[in-house]
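As structure tokens, the structure follows; a few thoughts come after it.
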Amino acid sequence: MKRTLIKEILLSGQPGTEVNIKGWVRTKRGSKSVNFIAMNDGTCLGNLQVVADVASFEEETLRDTTTGAALSVTGKLVASQGSGQSVELQAENIEVLGKADPEKYPIQPKKHTLEFLRENAHLRMRTNTFSAVFRIRHAMIFAVHKFFSEKNFYNIHTPIITSSDAEGAGEMFRVTTLPFNDTPRTEEGDVDFTQDFFCKSTNLTVSGQLEGELAAMALGQIYTFGPTFRAENSNTSRHLAEFWMIEPEVAFADLNDNMDLAEEFLRYLIQYALDNCKEDVEFLAKRQEEEEKNKPKEERNMNLIEKLKLVADNDFVRLTYTEAIEILRNSKPNKKGKFKYPIEGFGTDLQSEHERYLVEKKFQKPVILTDYPANIKAFYMRVNEDGKTVAAMDILFPQIGEIVGGSQREERLDVLEAKMDEMKIPKDEMSWYLDTRRFGGAPHSGFGLGFERLITFVTGMGNIRDVIPFPRAPKTCEF
RNA sequence: UCCCUAGUAGCUCAGUUGGUUAGAGCGGCGGACUGUUAAUCCGUAGGUCGUAGGUUCAAGUCCUACCUGGGGAGCCA
């Protein structure tokens with residue numbers, strides 16, 4: 001008999017229908033004559049209640065239907081006598097596909113801490129919280145492609161192994177097949193990479209942007225959506241060593257076009273989650289509300305759904321770095337000496353506390369900061385007419401900080417080359433990149449969106465390691 | 001990497017100014033119960049107190065180092 005998804009049964013199952021379901025036991029309750037088995041198959045948050053009359057089954061079968069066991073159940077849908085559900089499955093046949101030793105199975109029918117579940121990441125998707133998170137994650141992946149495809153952007157797969165070490169976005173993981181002991185050396189004693197697999201030094205990519213620019217200068221509008229690797233020793237709830245990044249790149253677009261695109265994109269994604277993941281978002285909102293009760297009042301966050309609507313329904317605030325510095329300089333916490341890093345004026349990089357003040361206190365919605373000082377930003381960002389700022393933009397979100405970083409790219413060959421010299425970036429190794437400026441160069445812009453940071457925001461999860469199935473971080477590479 | 005903080009049963013925690021045999025709830029197991037909703041009730045088994053040193057007559061408790069988790073910072077997406 002063909003398997004029916006529990007999602008479909010809960011949505012439109014009719015009493016009297018004969019069905020087969022396959023899934024995992026969440027809990028089992030029972031008395032002498034009847035057992036109630038809550039079954040979940042991952043297709044939705046809800047469980048289907050299976051009713052098993054004790055007399056009609058082998059003792060062993062019911063003994064083995066413990067929390068976590070995989071079952072195939074055939075029977076008839078009936079109107080439920082209980083109040084928790086409208087239909088339930090009156091079991092006629094139960095097959096235990098896979099047992100789960102109750103003394104060893106770690107996921108108990110009770111509340112677990114996220115830390116404990118993180119250590120059991122291979123099983124945590126069997127909980128309501130994580131199944132909801134990963135269903136939302138899927139929906140967001142789909143929405144990313146839908147948004148860009150409808151706007152005539154092409155998805156480009158940029159390389160994961162790269163020989164470019166000038167992406168300038170942080171420490172890289174080396175890729176090599178050379179032996180660790182007895183490493184081939186040059187006469188000068190350096191590692192001889194000409195004997196390595198690619199005949200040169202290679203790493204895992206930290207960004208697909210530079211290759212994305214090449215594609216944009218041919219296909220016009222492109223986006224990448226791929227894995228990215230940073231070997232930074234970052235131990236925070238906002239960083240991963242392996243994460244997924246979306247990087248659109250648009251020819252003939254300036255910084256304003258870039259901001260418009262980024263804002264429309266983010267609001268689209270959040271609205272998509274509200275429209276298409278209602279049940280899961282509502283569950284996570286309720287869950288978060290429970291957590292907030294344990295916090296002191298001043299640290300409590302806004303309700304998840306209200307927060308998402310706020311972002312989806314309102315324009316982002318846009319202001320320049322210079323304006324932001326002025327606001328911060330005149331802010332109460334600065335005057336009262338509450339900032340750990342006092343605002344000294346133009347040229348200082350903004351710290352988390354400053355970003356939080358702007359987003360969470362001053363404006364209470366997302367903020368786009370533009371036109372940063374050139375010396376604190378990357379070489380490829382376009383120099384403004386003032387000569388000291390660049391056409392960069394960062395989008396700051398409440399609670400998670402920087403979610404998007406982007407810029408108009410420097411398309412003027414001479415300016416770009418001078419900048420690379422200044423920042424000691426090897427031009428000869430980057431001639432493929434400079435070719436886009438040599439041959440048919442044009443103004444263009446793009447940005448990077450950290451996918452997991454978006455998911456953190458949409459799900460309300462506090463730790464980025466809880467929105468990627470198998471997190472990689474310093475000292476953490478399980479499974 | 002830096003600062004703060006925690007580590008006691010499978011899980012979540014309590015354990016007083018250092019003092020006899022380390023406790024609870026949940027989960028597990030056994031039993032009771034004609035329909036439960038993380039069922040309820042009765043009973044029961046689980047511990048090298050993160051690791052290694054040290055102080056002391058005596059350490060779960062105090063000190064040092066290390067390991068691991070959490071919060072914050074830096075770096076960034």
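Note: hydrogens, waters and symmetry copies are ignored here, and every other heavy atom, side chains too, is used. The chains referred to below are lettered A, B, ... by the order of the sequence lines, with proteins before strands, and numbering in each begins at 1.
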Side-chain ion pair, Glu452(A) and Arg465(A), N-O less than 4.0 Å
no
For Tyr154(A), what residues pass the ring pair (Phe, Tyr, Trp, His ring centres under 6.0 Å) criterion, not counting sequence neighbours?
none
Pi stacking test for Phe451(A) and A77(B): under 5.5 Å apart, planes under 30°
no
Neighbour count above 12 (heavy atom, 6.0 Å) for Lys7(A) NZ:
no
Anti or syn - G43(B), cut at 90° from 0
anti
Can you name the ring pair (Phe, Tyr, Trp, His ring centres under 6.0 Å) partners of Tyr341(A), sequence neighbours left out?
none
Taking CG from Leu123(A) and P from C11(B), how many angstroms apart are they, rounded to a whole number?
14 Å
In Å and rounded to the nearest 0.5 Å, what is the CG to OG1 distance from Leu77(A) to Thr17(A)?
5.0 Å
For Arg472(A) and A77(B), give me the distance from atom CZ to atom C1', rounded to whole Å.
19 Å
What does His239(A) touch in the nucleic acid at a heavy-atom separation under 4.0 angstrom: a base, only the sugar-phosphate, or nothing?
base
A24(B) versus A45(B) - spacing of their P atoms, nearest Å
11 Å
Going 5' to 3' through nucleotides 30-38 of chain B, assign each nucleotide B (protein heavy atom under 4.0 Å from a base atom), S (under 4.0 Å only from sugar-phosphate atoms) or - (no protein heavy atom that close).
---BSBBBB
Do any of residues 337-354 of chain A sit with a heavy atom less than 4.0 Å from RNA chain B, and if so which?
Lys340(A), Tyr341(A), Gln351(A), Ser352(A)
Once you round to the nearest 0.5 Å, how far does CD1 of Ile343(A) lie from CD1 of Ile325(A)?
4.5 Å
List for me each residue that meets side-chain contact (heavy atoms from CB on, under 4.5 Å) alongside Ser163(A), sequence neighbours excluded, and say none if there are none.
Lys200(A), Thr202(A)
Taking the six-membered ring of Phe397(A) (Phe, Tyr or Trp), confirm whether the NZ or CZ of Lys307(A) is under 6.0 Å from its centre and within 45° of its axis.
no
Any side-chain donor near an acceptor of the partner, Thr162(A) and Asn203(A), under 3.5 Å:
no
Test of understanding: with side-chain contact (heavy atoms from CB on, under 4.5 Å), list the residues that count as partners of Glu213(A), not counting sequence neighbours.
Gln209(A), Leu210(A), Glu249(A), Arg409(A), Tyr433(A), Arg437(A), His444(A)
Close N or O pairs between protein and nucleotides 66-71 of chain B (under 3.5 Å):
residue, atom, partner, partner atom, Å
G70(B), OP1, Arg118(A), NH1, 2.3

Secondary structure string for RNA chain B (Watson-Crick or G-U under 3.5 angstrom, | for other-strand pairs):
(((((((..((((.....[...)))).(((((.......))))).....(((((..]....))))))))))))....
C75(B), OP1 or OP2 - any side-chain N/O from Arg238(A) closer than 4.0 Å?
no
Taking the C1' atom of each, how far is G28(B) from A73(B), in whole Å?
43 Å
When we call it a touch if two heavy atoms are under 4.0 Å apart, what does Leu240(A) touch: a base, just sugar-phosphate, or nothing?
base
Please state how far atom CG in Asp64(A) lies from atom P in G28(B), giving the value in whole angstrom units.
14 Å
So does Ser234(A) reach the base of C76(B) with its side chain, donor to acceptor, closer than 3.5 Å?
no
Donor-acceptor list for residues 139-147 of chain A side chains, cut-off 3.5 Å, not counting sequence neighbours:
residue, atom, partner, partner atom, Å
His145(A), ND1, Tyr223(A), OH, 2.6
Lys146(A), NZ, Glu150(A), OE2, 2.9

Does Thr113(A) put a side-chain nitrogen or oxygen below 4.0 Å from OP1 or OP2 of U12(B)?
yes
Return whichever of Pro106(A) or Ala241(A) has its heavy-atom-nearest nucleotide of RNA chain B closer to the 5' end.
Pro106(A)
Do Arg230(A) and Thr228(A) have side-chain N/O donor and acceptor atoms under 3.5 Å apart?
no
Inter-nucleotide P distance (C3(B), U40(B)), Å rounded
47 Å
For residues 30-49 of chain A, which residue pairs pass the salt bridge (Lys or Arg N to Asp or Glu O under 4.0 Å) check, not counting sequence neighbours?
Arg3(A)-Asp41(A)
What interatomic distance, in whole Å, is found between C1' of A6(B) and the corresponding atom of C13(B)?
13 Å
At under 4.0 Å between heavy atoms, what does Phe116(A) touch on the DNA or RNA strands: base, sugar-phosphate, or nothing?
sugar-phosphate
Close N/O contacts between protein and nucleotides 45-51 of chain B (under 3.5 Å):
none

Exceeds 12 heavy-atom contacts within 6.0 angstrom, atom NZ of Lys22(A)
yes
Between CD1 of Ile400(A) and C1' of C76(B) the distance, given in whole Å, is 13 Å
Donor-acceptor pair, Thr236(A) side chain versus Arg238(A) backbone, under 3.5 Å?
yes
Give a yes/no verdict on a cation-pi contact between Lys377(A) and Tyr372(A), requiring under 6.0 Å between NZ or CZ and the six-membered ring centre and an angle within 45° of the axis.
yes
Across all chains, not counting sequence neighbours, the ring pair (Phe, Tyr, Trp, His ring centres under 6.0 Å) partners of Phe173(A) are none
Rounded to the nearest angstrom, tell me the gap between atom CE in Met172(A) and atom C1' in C76(B).
14 Å
